Amino acid sequence: MTLDMFETRFWATTSQPNDTDCTNIEGVCPLSCNSVDIACYLIDNNGFIIISKEQRETGRFFGEVDGSVMAQLIRMGMFKRVSLFDYQAMCKMGSHSASSARPLLSPFYGLVAALKWFLSNFLLFLLEFNICGLWHSEHFADAKASFQVSAHKKKGDILQPCDTEYPSFVYEPSIKETNSLIKCGRCQKMFVTQQVPDSNLLMLVVQADCDCSRQYGPITMEPREVKYILKLQYTTYTYLSLCVCDP
């Protein structure tokens, strides 16, 4: 089954017909996910969006899209935070700050530095020099631009092996359904979550006309580097000194 067909079946199943009996139902009825007042999501047991009205949100972690509802689900125990570790990650090397003080060097080092500078500039001059470029300036400009691009690539970030820690969220299957109300300043956001029977999916209906982004930031799964600190244990020895005194 393709994702498009799955979405079509989902939207058709969640839409209530116009002749729905709403006598014993409080709130808006009949209700459809096509309404602009609500946002419907189908997420898996790790909080990733399977179906959303916004195609760009498919595949993203729900906490990045709506941090207020995800924080409330974690607070209510429907999702639990679990720390995972990656022992084969690559991290950027930190920039080392150099002192502005210049060490005292021998005049010999200054002569060697001047010689290296002269040889490097001379080699660059030979590489960039082109007799045809005297008559065809555009070729000379292209070569200069390609050299600048290659020099820019050399200034990229340097990566080194490291260990990282990143959060993961797991659904608690004992909670089949829950709903709550989130106060966000001048408005209140209501949401309802229900487990889809015989699956690892959850249907989430959120009130869309209340913005809580100022009060609740997004919950991301960005990894952070784990830095190990070696602790030295010192053993304390007690020495007893005896003094023999004459009476």
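Numbers for residues simply follow the sequence, beginning at 1. Nothing here was measured: the structure is a model prediction, and the numbers come from that model.
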Where [X] and [Y] come nearest, the two heavy atoms and their spacing:
X	Y	answer
Asn179	Met76	O-CE, 3.9 Å
Ala39	Ala208	N-CB, 4.0 Å
Ser52	Glu57	OG-OE1, 2.7 Å

Once you round to the nearest 0.5 Å, how far does [atom1] of [X] lie from [atom2] of [Y]?
X	Y	atom1	atom2	answer
Glu165	Ser83	CD	OG	4.0 Å
Arg75	Ser180	CZ	OG	8.5 Å
Cys162	Gln88	SG	CD	11.5 Å
Met190	Ile182	CE	CD1	11.0 Å
Cys91	Gln160	SG	CD	7.0 Å
Asp163	Arg224	CG	CZ	12.0 Å

ask   = For Arg214, does the CZ atom sit with more than 12 other heavy atoms under 6.0 Å from it, leaving out its own atoms?
value = no

inquiry  = Just checking Arg186: does its CZ atom have more than 12 heavy atoms from other residues, nucleotides or ligands closer to it than 6.0 angstrom?
reply    = no

request  = Before giving the answer on side-chain contact (heavy atoms from CB on, under 4.5 Å), spell out for Val192 and Thr178 the whole-Å C-alpha distance, their side-chain angles and the decisive distance to 0.1 Å.
outcome  = CA-CA 6 Å; Val192 178; Thr178 184; over 6 Å; no

Do [X] and [Y] come within less than 4.5 Å of each other through their side chains, counting heavy atoms only?
X	Y	result
Lys227	Glu225	yes
Tyr87	Thr164	no
Pro161	Met90	yes
Val226	Tyr228	yes
Lys92	Ile158	no
Leu3	Thr58	yes
Met203	Cys33	yes
Trp11	Cys40	yes

query = Lys53 and Tyr41: side-chain contact (heavy atoms from CB on, under 4.5 Å), yes or no, with the steps?
reply = CA-CA 8 Å; Lys53 289 194 293 186; Tyr41 303 94; over 6 Å; no

Check for a donor-acceptor pair, side chain of [X] on one end and backbone N or O of [Y] on the other, with a separation under 3.5 Å.
X	Y	answer
Ser35	Ser32	no
Lys189	Asp209	no
Asn46	Phe48	no

message = Per the salt bridge (charged side-chain N to carboxylate O under 4.0 Å, His left out) rule, what does the pair list look like for residues 28-52, sequence neighbours excluded?
response = none

In this structure, would [X] and [Y] fall into the same cluster of hydrophobic residues linked by side-chain contacts under 4.5 Å?
X	Y	value
Val65	Leu204	yes
Met5	Phe10	yes
Ile51	Ile38	yes
Phe79	Ile50	no
Trp117	Leu115	yes

query = In a check of side chain to side chain contact (heavy atoms under 4.5 Å, CB included) between Thr193 and each of Glu177, Met78, Gln72, which one passes?
reply = Met78

task = Please determine, by modelled atom types, if Asp66 and Tyr216 share a side-chain donor-acceptor pair under 3.5 angstrom.
result = no

message = Under 3.5 Å, is there a donor on one side chain and an acceptor on the other for Thr220 and Glu64?
response = no

key: Cys210 and Cys187 SG atoms under 2.5 angstrom apart   = yes

Step-by-step side-chain contact (heavy atoms from CB on, under 4.5 Å) determination, Leu202 to Val196 = CA-CA 5 Å; Leu202 299 170; Val196 179; 6.0 Å; no

query = Remaining members of Val82's ILVMFWY cluster at a side-chain heavy-atom cut-off under 4.5 Å?
reply = Leu84, Tyr166, Val170

inquiry  = So, using side chain to side chain donor-acceptor pair (under 3.5 Å) as the criterion, who are the partners of Lys80 when residues are at least two apart?
reply    = Glu172

Sequence-distant partners of Asp86, side chain to side chain donor-acceptor pair (under 3.5 Å), two or more places apart = none

request  = Show the numbers, then the answer: is there a side chain to side chain donor-acceptor pair (under 3.5 Å) between Asp211 and Ser213?
outcome  = CA-CA 6 Å; Asp211 187 13; Ser213 58; 3.0 Å; yes

request  = Go through the steps for Glu54 and Arg60 under the test side-chain contact (heavy atoms from CB on, under 4.5 Å), then give the verdict.
outcome  = CA-CA 11 Å; Glu54 299 290 339; Arg60 296 181 58 188; over 6 Å; no

message = Enumerate the side chain to side chain donor-acceptor pair (under 3.5 Å) contacts for residues 194-205, please, sequence neighbours excluded, ordered by first and then second residue.
response = Asn45-Asn200, Lys176-Gln195

task = Please step through ring-ring contact (aromatic ring centres under 6.0 Å, His included) for the pair Phe61 and Phe169, ending with a clear verdict.
result = CA-CA 10 Å; Phe61 179 60; Phe169 300 89; 5.1 Å; yes

request  = Please name all residues satisfying salt bridge (Lys or Arg N to Asp or Glu O under 4.0 Å) with Arg9, sequence neighbours left out, ordered by chain then number.
outcome  = none

